[in-house]
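These notes concern the structure reproduced below.
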Amino acid sequence: MTADAEYPTAPDRGALVADDQVAAQVYLDPDIYEEELERIFYRTWNCVGHESEFPEPGSFKTLEIGRRPVIVSRDRKGRINVLLNRCRHRGALLCEKPSGAMTSGFTCPYHSWSYALDGRLRGIPYPEGYPEDIDKSRLGLQRLRVETYAGLVFAHFDEDAAPLHDYLGAARGWIDLFMKQGAGYPLKVQGAFKFRHRANWKIQLENVTDGYHFPLVHRSWMANVDAETAEMLSFMKDPRAVTYGLDNGHSVGIFVPEHVDLGEDDGTEPLQERFASLVADLAPDLPPRDVRRLVRSLHGAGFNLTIFPNLALSMGFIRLLNPVAVDATDNAHIALGYEGGPEGANRERLRIHEHFQGPFGFGTPDDSDVWDRVQRGAVADPGMAILLDRGLNREQTSDEGHPWSHITDETGMRTAYTMWKRLMTDVH
Ligand code: FES
Ligand code: FE
């Protein structure tokens with residue numbers, strides 16, 4: 001037997017992805033899911049939230065990156081830490097609370113080893129069972145590398161990873177535009193809807209810049225909103241509504257061209273009638289220009305931005321995904337508002353979020369249903385292609401070298417799978 005025969009080489013995952021399609025196996029194969037955790041989620045920058053979720057020392061939340069539980073905490077010095085949620089003694093999960101505030105640290109429920117907010121080991125009960133000179137500095141919680149951009153907090157398991165700034169690349173300019181929906185106020189998180197849907201994570205990732213499904217899957221939402229809002233999202237024949245594939249699998253899809261840069265306002269766009277009473281409430285306290293700025297920002301920025309692999313900045317909210325199994329994905333739909341802004345405007349933003357993203361909303365339940373159907377339908381034949389060729393007949397390349405086409409085309413998905421293929425076939 002040759003050495004090669006004894007040790008079969010790993011399957012070539014690159015063969016599953018072509019320029020215009022992928023094999024349905026990428027949604028279905030548990031081995032591929034395991035490789036994705038190792039090669040994608042544990043080797044790229046994952047977004048873990050927004051700085052406003054950790055307003056003061058002692059604020060924290062817990063979540064998972066792949067199967068790895070982590071704690072995000074703000075420490076006494078004001079720094080944000082991302083720590084493995086796993087006791088250094090015998091491995092117990094330290095913290096089960098989804099989030100909290102004013103905590104002084106984390107104490108393991110098993111033998112009460114206690115850790116500071118930055119992960120340092122503070123105390124060991126009955127220490128006489130250990131040498132007097134035990135080096136506690138070597139027994140702190142495992143720390144992830146943390147970097148932030150425009151208030152978004154990202155973590156990486158690899159201390160030597162390339163900087164977040166480089167990883168985001170051209171998406172940085174779009175993140176800057178997204179943050180302009182603060183209308184002069186810092187953005188803050190107002191709450192989140194969390195749910196699990198029964199489909200592979202990539203089906204949801206594909207959906208973020210999929211303008212094609214919007215008027216079809218979201219017919220009931222379009223029928224339920226006022227005519228002005230429905231008109232605002234009628235982009236099917238608008239040549240300005242385009243998708244760009246960006247660096248490293250990121251992509252952006254423009255749904256409302258006049259709201260791409262909310263800092264620009266020539267004063268000609270009429271404010272929607274549905275916000276008339278809010279305008280009346282705001283008018284006594286704010287100059288007309290500021291009222292316009294706030295009201296025009298209520299629906300969020302005019303685009304959806306995918307940051308590969310787990311973040312979407314989707315008009316007015318932040319979406320984090322986490323793949324919990326080959327056929328199950330956890331989602332957090334994080335609502336945004338104006339820190340220190342008018343209460344009425346924050347309330348209006350929450351109502352808009354609930355109306356589409358909420359469990360009884362008109363958007364997300366429809367989306368989750370079709371994602372679930374893709375998973376169940378794809379089972380029919382793992383070798384059969386998932387088609388990603390829509391718009392190849394009209395795709396162009398920008399001066400910066402980015403492919404672009406109409407928002408109803410599949411440019412964003414092709415960009416994401418190019419990155420997927422790179423990560424799944426790179427020799428590490
Ligand atoms: Fe945490 Fe023992 S497992 S203190
Ligand atoms: Fe949708």
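Sequential numbering from 1 along the given sequence is applied to the chain's residues. Start at 1 and go down the list; that is how both ligands and their atoms are numbered. Note that the coordinates shown come from a computational prediction; the quantities given were computed from them, not determined experimentally. Side chains are part of it too, since the values below use all heavy atoms of this structure and drop only hydrogens, waters and symmetry mates.
For Tyr244 (side chain) and Thr411 (main-chain N/O), no donor-acceptor pair under 3.5 Å exists by modelled atom type.
A distance of 6.0 Å or more separates the ring centres of Phe235 and His406. When ring centroids are compared, Phe41 and Trp201 come within the 6.0 Å threshold. Aromatic rings from His218 and Phe356 are positioned such that their centres are separated by under 6.0 Å.
Restricting His111 to its N/O/S atoms, the shortest distance to atom 2 (Fe) of ligand 1 is reached by ND1. His89 has its closest N, O or S atom to atom 2 (Fe) of ligand 1 at the position named ND1.
Judged by distance alone, the side chains of Arg88 and Tyr115 never bring a donor and an acceptor atom under 3.5 Å apart. Donor-acceptor pairing under 3.5 Å is lacking for the side chains of Tyr417 and Asp19.
Arg90 N, 3.3 Å is the protein heavy atom nearest to atom 3 (S) of ligand 1.
Counting backbone and side-chain atoms alike, Cys87 contributes no N/O/S atom closer than 2.8 Å to atom 2 (Fe) of ligand 1.
Of all atoms in ligand 1, numbered sequentially from 1 with element shown, those under 4.0 Å from a heavy atom of Tyr110 are 2 (Fe), 3 (S). When each atom of ligand 1 is checked for a heavy atom of Cys108 under 4.0 Å away, the hits are 1 (Fe), 3 (S), 4 (S).
Rounded to 10°, the angle that OD1 of Asp367 and NE2 of His213 form at the Fe ion (ligand 2) is 90°.
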